[in-house]
Number of protein chains: 2
Amino acid sequence: MTGQVRTVDGRVAGRRGQATRQKLLDCLSEMLSSSPYRDVKVIDVARKAGTSPATFYQYFPDVEGAVLEIAEEMAKEGAGLTELVSGRSWVGKAGWQTSEELVEGFLDFWRKHDAILRVVDLGAAEGDKRFYKIRMKILNSVTNSLTEAVKELQTKGKVDKDVSPAAMAGSLVAMLASVAGHQKGFQTWGVKQAELKPNLALLVHLGITGKKPTK
Amino acid sequence: MTGQVRTVDGRVAGRRGQATRQKLLDCLSEMLSSSPYRDVKVIDVARKAGTSPATFYQYFPDVEGAVLEIAEEMAKEGAGLTELVSGRSWVGKAGWQTSEELVEGFLDFWRKHDAILRVVDLGAAEGDKRFYKIRMKILNSVTNSLTEAVKELQTKGKVDKDVSPAAMAGSLVAMLASVAGHQKGFQTWGVKQAELKPNLALLVHLGITGKKPTK
DNA sequence: ACTTGTCCTGTCATGCCGTCAGCTTACCGA
DNA sequence: TCGGTAAGCTGACGGCATGACAGGACAAGT
């Protein structure tokens, strides 16, 4: 579909080139974890990768461009989050389990991609459509599934008609994303992971089904 | 407490100096709204304020330092968000109104301070304690009130004992903050403000009381 | 007019940005 | 084995932001 990996000036990247490119991405990823986004400099990434700044610019237009690349990669993996919702039951004990596993999976994913997700979030909040699209791609995989779940429950008359499935699903997912992004913060504040998860699961269950879960 | 405003090199700022300082802060605020945080340069802020970069460095150690100043200011105002919760009823129609007004007030505040809150959020997520503290200051004003509300409902036996008040309140507030920060995003995605608010209010009500609201 | 302390800016060394020409390396067909 | 060709990399450079300093402008009091 997209064809081959290309350098900025149009050459196709060969084996060695791709390796260098990947190394730069890896190093950038590391830097994002260890220092503020604002302070990540091309020269540092290049140095860390054992190459020169000029090489960096051969593969990426700028830091942002490289970040988008990393984010894109992560988004692919994030599409798998759909699994946490689609085809699952929302009634009885199974419903509670669905909630719990959704929360669990979500927090894990966020913890894993912590640094890059921060930047994506910022970009999206600043109105950058490219970042926004990536954020959507990840969240939609869950949001859409949840939206469907609500709609289905509505047709069965189990959920009030005046609930907007999209808004509800979107809000819940936003909550998960936000809490996930500040997991460390919660801990500092004295809320333990162990009590955080069930409460999130409870909220998800309440939001989707409108009822307390049976555990 | 803090006493007078001081320059970086320790002088006390007089009338004129304070005016310049404030102008720099205002211009920085504007710049944060119009361009990505990463691209905000001291020289641009100074130019916009009709002064020189050297002047900027007389009052602030760097961009981040000035941002903290703005954030601190906003946090003071944010403390007033407590009003949205403290002393309000969570039962019957009044409970629904409390939810609605909380959501309304929260979204308004966020929309108003949009740009600076993005940066605070990023700083906090990156683990910077100064930003984290400011974020807490704002959110705590609401979180603590909500926590109290849940505790009270628990003692009355109206809410399950296994709900962690702090975790629940924190999650709800995080949700509000996150949704507020991506309000534009929701719109792009096809969810209208008008349906977003009631759904958030519903979730808040469900989370705090465990019950559907009576409208 | 003179002094004092505040306030601002011109200037400079330093360092990063982003680009280019040109060199090195790898691959391939003859 | 030997060019030929394209990929891959870097030194070097002009440009710009940073951050520090010294000195000039300004206001207020004497």
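- For the pair Ile134(A) and Ala75(A), the tightest heavy-atom approach, listed with the atom from each and the gap, is CG2-CB, 4.0 Å.
- Listed pair Thr51(B) / dC8(C) fails the phosphate criterion, with no side-chain N or O lying under 4.0 Å from OP1 or OP2.
- What separates NZ of Lys23(A) from C1' of dG8(D) is a distance of 15 Å, to the nearest Å.
- For Phe56(A) and dC20(C), the CZ to C1' distance is 18 Å, given to the nearest whole Å.
- In terms of phosphate contacts, Tyr57(A) brings a side-chain nitrogen or oxygen within less than 4.0 Å of OP1 or OP2 of dG18(C).
- One finds a side-chain N or O of Thr20(A) lying less than 4.0 angstrom from the OP1 or OP2 phosphate oxygen of dC9(D).
- Between the CD1 atom of Ile43(B) and the C1' atom of dG19(D) there is a distance of 12 Å, rounded to whole Å.
- Rounding to whole angstrom units, CZ of residue Arg11(A) and P of dA7(D) are separated by 6 Å.
- Residue-to-nucleotide proximity on DNA chain D shows that, of Asp44(B) and Val8(B), the 5′-proximal contact is made by Asp44(B).
- When rounded to the nearest whole Å, the span between CD of Glu64(A) and C1' of dG18(C) equals 15 Å.
- With hydrogens and angles left out, the side-chain atoms of Gln22(B) and Asp26(B) include a donor and acceptor closer than 3.5 Å.
- If you check every strand for non-hydrogen atoms under 4.0 Å, Arg21(A) touches nothing.
- Residue-to-nucleotide proximity on DNA chain D shows that, of Arg15(B) and Lys41(B), the 5′-proximal contact is made by Lys41(B).
- Taking the charged nitrogens against the carboxylate oxygens, Glu100(A) and Lys197(A) have no contact shorter than 4.0 Å, which rules out a salt bridge.
- Along DNA chain C, the nucleotide nearest Gln18(B) and the nucleotide nearest Ala54(B) are compared for position; the residue whose nucleotide lies closer to the 5' end is Gln18(B).
- Here the P atom of nucleotide dG5(C) and the CZ atom of Arg16(B) are 17 Å apart, to the nearest Å.
- Under the salt bridge (Lys or Arg N to Asp or Glu O under 4.0 Å) criterion, no residue pair touches residues 169-196 of chain A, with sequence neighbours excluded.
- Side-chain N/O atoms of Thr55(B) include none lying less than 4.0 angstrom from OP1 or OP2 on dC8(C).
- Atom CG of Asp9(A) is separated from atom C1' of dA21(C) by 13 Å (rounded to the nearest Å).
- Per the geometry, OH belonging to Tyr59(A) stands 10 Å off P belonging to dA7(D), to the nearest Å.
- For dA7(D), neither phosphate oxygen OP1 nor OP2 lies less than 4.0 angstrom from any side-chain nitrogen or oxygen of Thr7(A).
- Between Phe106(B) and Trp110(B), the ring planes are parallel. Angles under 30° get that label, and only those over 60° would be called perpendicular.
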